Amino acid sequence: MGRVLVLTNSSGGLYDFRNEFVRALLEENQVFISMPDDTKEKELLEEGCQVIKTSINRRGINPLEDLKLYQTYHNMMKELQPDLVVTYTIKPNVYGGFCAGRMKIPYIATITGLGGAFDRTGLFLQLIIRMYRAGLKKADCVFFQNEENRGIFGKFGIRGKKEKMVMGSGVNLERHVYEPYPKREETHFLFVGRVMKERGILEFIEAAKKLHSEKVHFDILGYCDEDYQSMLDELEKEGVIHQLGFHTEVHPYLADADAIVIASFHEGMSNALIEAAATGRPVIASNISGCMEAFEEGKTGFGFTPGKAEELIEAMEKFLKLSYEERTKMGQAARKKMEQEFDRKLVTASYMEEVHRILSEK
């Protein structure tokens with residue numbers, strides 16, 4: 001059996017969106033998971049993974065913390081002597097990739113999104129470019145989730161030995177089964193994601209202020225990642241929004257919604273969008289890479305320019321004019337698109353093809 005080390009910044013993200021890949025690895029290898037939290041530790045241990053707790057400040061840019069993370073990865077790889085390293089998200093990609101490359105350990109990296117990093121200018125942008133180049137240049141394969149991200153990396157000369165496109169993490173069609181469309185007088189718009197500016201929460205709130213009524217409700221599913229909690233609490237008291245909180249199992253909330261709203265400024269591939277579509281729910285989504293690939297304008301949802309509250313409101317107003325039959329048809333078309341293009345089995349097979357290729361060359 002081979003030894004595979006997976007570096008991630010979230011056990012929940014790994015388990016919820018990539019566990020089929022982890023299970024496929026476990027059929028043929030020992031699998032070690034380096035992760036900072038215990039949210040899905042029990043489940044991963046029960047499957048047969050070995051867990052290594054690794055502290056990561058996901059959003060911080062403290063050089064001393066990052067140096068410590070690199071040293072932690074170095075010591076981990078020196079001790080485990082893995083045959084393959086698999087990395088997800090920025091810091092594992094950069095520091096884990098750089099470490100694996102220096103130690104001549106094969107590795108696969110996945111670009112799950114760029115956030116606002118490449119919107120910067122000057123020295124900060126140059127630093128980001130150099131870090132990514134160092135982290136990915138010896139990668140045996142770099143997986144991208146949309147062509148825009150791939151193009152940005154190419155523009156700045158950030159390349160691995162090989163590149164491959166996948167439809168995000170794909171969606172588990174057995175877990176997110178099609179659900180009958182809710183038949184009721186009210187319409188529920190559901191915001192799914194971390195409550196932060198780059199996820200479009202301010203635009204969603206503007207829409208809620210204008211459109212909420214006894215028959216139009218605005219629900220928020222996700223934890224507050226920035227300083228908006230007091231504002232949300234006040235809006236809830238006023239009856240403008242309803243907070244559902246953070247839940248690891250989102251499917252029942254998707255099924256109970258009439259339309260899911262994805263208002264992000266940046267995405268690798270929106271997991272919330274494709275899970276909603278698989279459930280049979282229309283989406284109202286940002287016209288950005290990472291969303292546009294997963295819905296069809298007027299057929300499975302409506303798009304708008306991120307940051308433009310007036311366009312979001314216009315898209316919601318279009319949706320509110322649809323009949324029950326039209327909404328149902330839109331949800332059915334969304335499910336069909338997921339079955340044809342976004343089945344997670346296809347994504348897992350693409351990763352395993354590279355794993356087999358790399359390990360067979362050792």
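Model, not experiment: these values are computed from the prediction. Every heavy atom of this structure was used, including side-chain atoms; hydrogens, water molecules and symmetry mates were not.
The shortest non-hydrogen separation linking N271 to G170 is OD1-O, 4.3 Å. Minimum interatomic distance between A263 and P306 (heavy atoms only, all atoms of both residues): O-CB, 4.3 Å. Scanning both residues, P182 and D256, for their nearest heavy atoms gives CG-O, 4.4 Å. The two residues Y107 and A100 come nearest to each other via the heavy atoms CD2-CB, 3.6 Å. Taking both residues in full, the closest heavy atoms of M338 and A278 are given as CG-N, 3.5 Å, listed atom of the first, atom of the second, then distance.
Side-chain contact annotation: D258 with H188, donor-acceptor N/O pair under 3.5 Å absent. Side-chain contact, N149 with Q145: no donor N or O sits under 3.5 Å from an acceptor N or O. A donor-acceptor contact under 3.5 angstrom links the side chains of E47 and N19, judged on distance only. Side-chain atoms of D233 and Q229 include a donor-acceptor pair closer than 3.5 Å. Residues S11 and D37 bring a donor and an acceptor atom of their side chains to less than 3.5 Å of each other. Side-chain polar atoms of T54 and S34 form a donor-acceptor pair below 3.5 angstrom. When only modelled atom types and interatomic distance are considered, R327 and T187 share a side-chain donor-acceptor pair under 3.5 Å. The closest side-chain donor-acceptor pair between E20 and N172 falls under 3.5 angstrom.
Judged by distance alone, the side chain of Y88 and the main-chain N or O of T110 form no donor-acceptor pair under 3.5 Å. Of the possible polar contacts, one joining the R281 side chain to the E179 backbone as a donor-acceptor pair under 3.5 Å is found. Within the 3.5 Å criterion, the main-chain N or O of V4 finds no donor-acceptor partner in the side chain of N29. No donor-acceptor pair under 3.5 Å is formed between the side chain of D140 and the backbone N or O of I108. Of the possible donor and acceptor atoms, one in the side chain of R159 sits under 3.5 Å from a partner among the backbone N and O of G154. At distances below 3.5 Å, at least one donor-acceptor pair connects side-chain atoms of E293 with backbone N or O atoms of G290. Under the 3.5 Å distance criterion, the side-chain polar atoms of R3 are left unmatched by any main-chain donor or acceptor of L84. Side-chain atoms of E236 come within 3.5 Å of backbone atoms of Q243 as a donor-acceptor pair (strictly under, hydrogens ignored). The backbone N or O of G160 sits nowhere less than 3.5 Å from a side-chain atom of E163 that would complete a donor-acceptor pair.
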Test side chain to side chain contact (heavy atoms under 4.5 Å, CB included) on E297 and M292; report intermediate values, then the result. CA-CA 9 Å; E297 180 66 30; M292 291 189 297; over 6 Å; no
Please lay out, stage by stage, how Y351 and E353 fare under the test side chain to side chain contact (heavy atoms under 4.5 Å, CB included). CA-CA 5 Å; Y351 273 91; E353 182 180 25; over 6 Å; no
What's the verdict on salt bridge (charged side-chain N to carboxylate O under 4.0 Å, His left out) for R175 and E249, showing C-alpha distance, side-chain angles and the deciding distance? CA-CA 10 Å; R175 181 179 178 188; E249 182 52 66; 3.4 Å; yes
Which atom pairs, donor and acceptor, lie under 3.5 Å between side-chain atoms of residues 308-320 and protein residues at least two apart or in another chain?
{"from": "E311", "atom 1": "OE1", "to": "T305", "atom 2": "N", "distance (Å)": "2.8"}
{"from": "E311", "atom 1": "OE1", "to": "T305", "atom 2": "OG1", "distance (Å)": "2.8"}
{"from": "E311", "atom 1": "OE2", "to": "T305", "atom 2": "OG1", "distance (Å)": "3.3"}

Validation: residues 199-207 side-chain donor-acceptor distances under 3.5 Å, sequence neighbours left out:
{"from": "R199", "atom 1": "NH1", "to": "S264", "atom 2": "OG", "distance (Å)": "3.4"}
{"from": "R199", "atom 1": "NH1", "to": "E267", "atom 2": "OE2", "distance (Å)": "2.7"}

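Here CG of L273 is found 9.5 Å from OG of S286. Values are rounded to the nearest 0.5 Å.
With a 4.5 Å cut-off on side-chain heavy atoms, L232 and C224 count as touching. A heavy-atom distance below 4.5 Å is found between the side chains of F17 and R344. At a threshold of 4.5 Å between non-hydrogen side-chain atoms, the residues K155 and I152 do not count as touching. Residues N93 and I111 have side chains in contact (heavy-atom distance under 4.5 Å, counting atoms from C-beta outward). Between P106 and D83, the closest side-chain pair of non-hydrogen atoms is not below 4.5 Å.
If you look at Y73 and Y95, their ring centroids are not closer than 6.0 Å. Ring pair F218/F191: centre-to-centre distance not below 6.0 Å. F189 and H217 have their aromatic ring centers separated by at least 6.0 angstrom.
Classification of R357 and E361 as a salt-bridged pair holds, one side-chain N sitting under 4.0 Å from a carboxylate O. Salt bridge absent: E186 and K215 never bring a charged side-chain N and a carboxylate O closer than 4.0 Å. A salt bridge is absent between E226 and R194; no separation between the charged side-chain nitrogens and carboxylate oxygens falls under 4.0 Å. Using a cutoff of 4.0 Å between basic side-chain nitrogens and carboxylate oxygens, R335 and E339 are scored as salt-bridged. Between E326 and K329 there is no salt bridge, since no side-chain nitrogen of the basic residue lies less than 4.0 Å from a carboxylate oxygen of the acidic one. K91 has a carboxylate O that lies under 4.0 Å from a charged side-chain N of D66, or vice versa, which qualifies the two as a salt bridge.
F156 does not carry R133 over the face of its six-membered ring by the limits of under 6.0 Å from the centre and within 45° of the normal. In this structure, K183 satisfies the cation-pi test against Y324, with its NZ or CZ atom closer than 6.0 Å to the six-membered ring centre and inside 45 degrees of the ring normal.
Criterion: ILVMFWY side-chain heavy atoms under 4.5 Å apart, direct or through other members. Under it, L359 and L80 are not part of a common hydrophobic cluster.
Using bins of under 30°, 30° to 60° and over 60° for the plane-to-plane angle, the ring pair F98/Y70 lands in the tilted bin. By the 30° and 60° cut-offs, the orientation of the rings of Y223 relative to F246 is perpendicular. Relative ring orientation between F144 and F153 is described as perpendicular, the plane-to-plane angle rising above 60° on a 0-90° scale split at 30° and 60°.
H242 meets the ring-ring contact (aromatic ring centres under 6.0 Å, His included) test with no other residue; sequence neighbours excluded.
Within 6.0 Å of the NZ atom in K53, the count of heavy atoms belonging to other residues, nucleotides or ligands exceeds 12.
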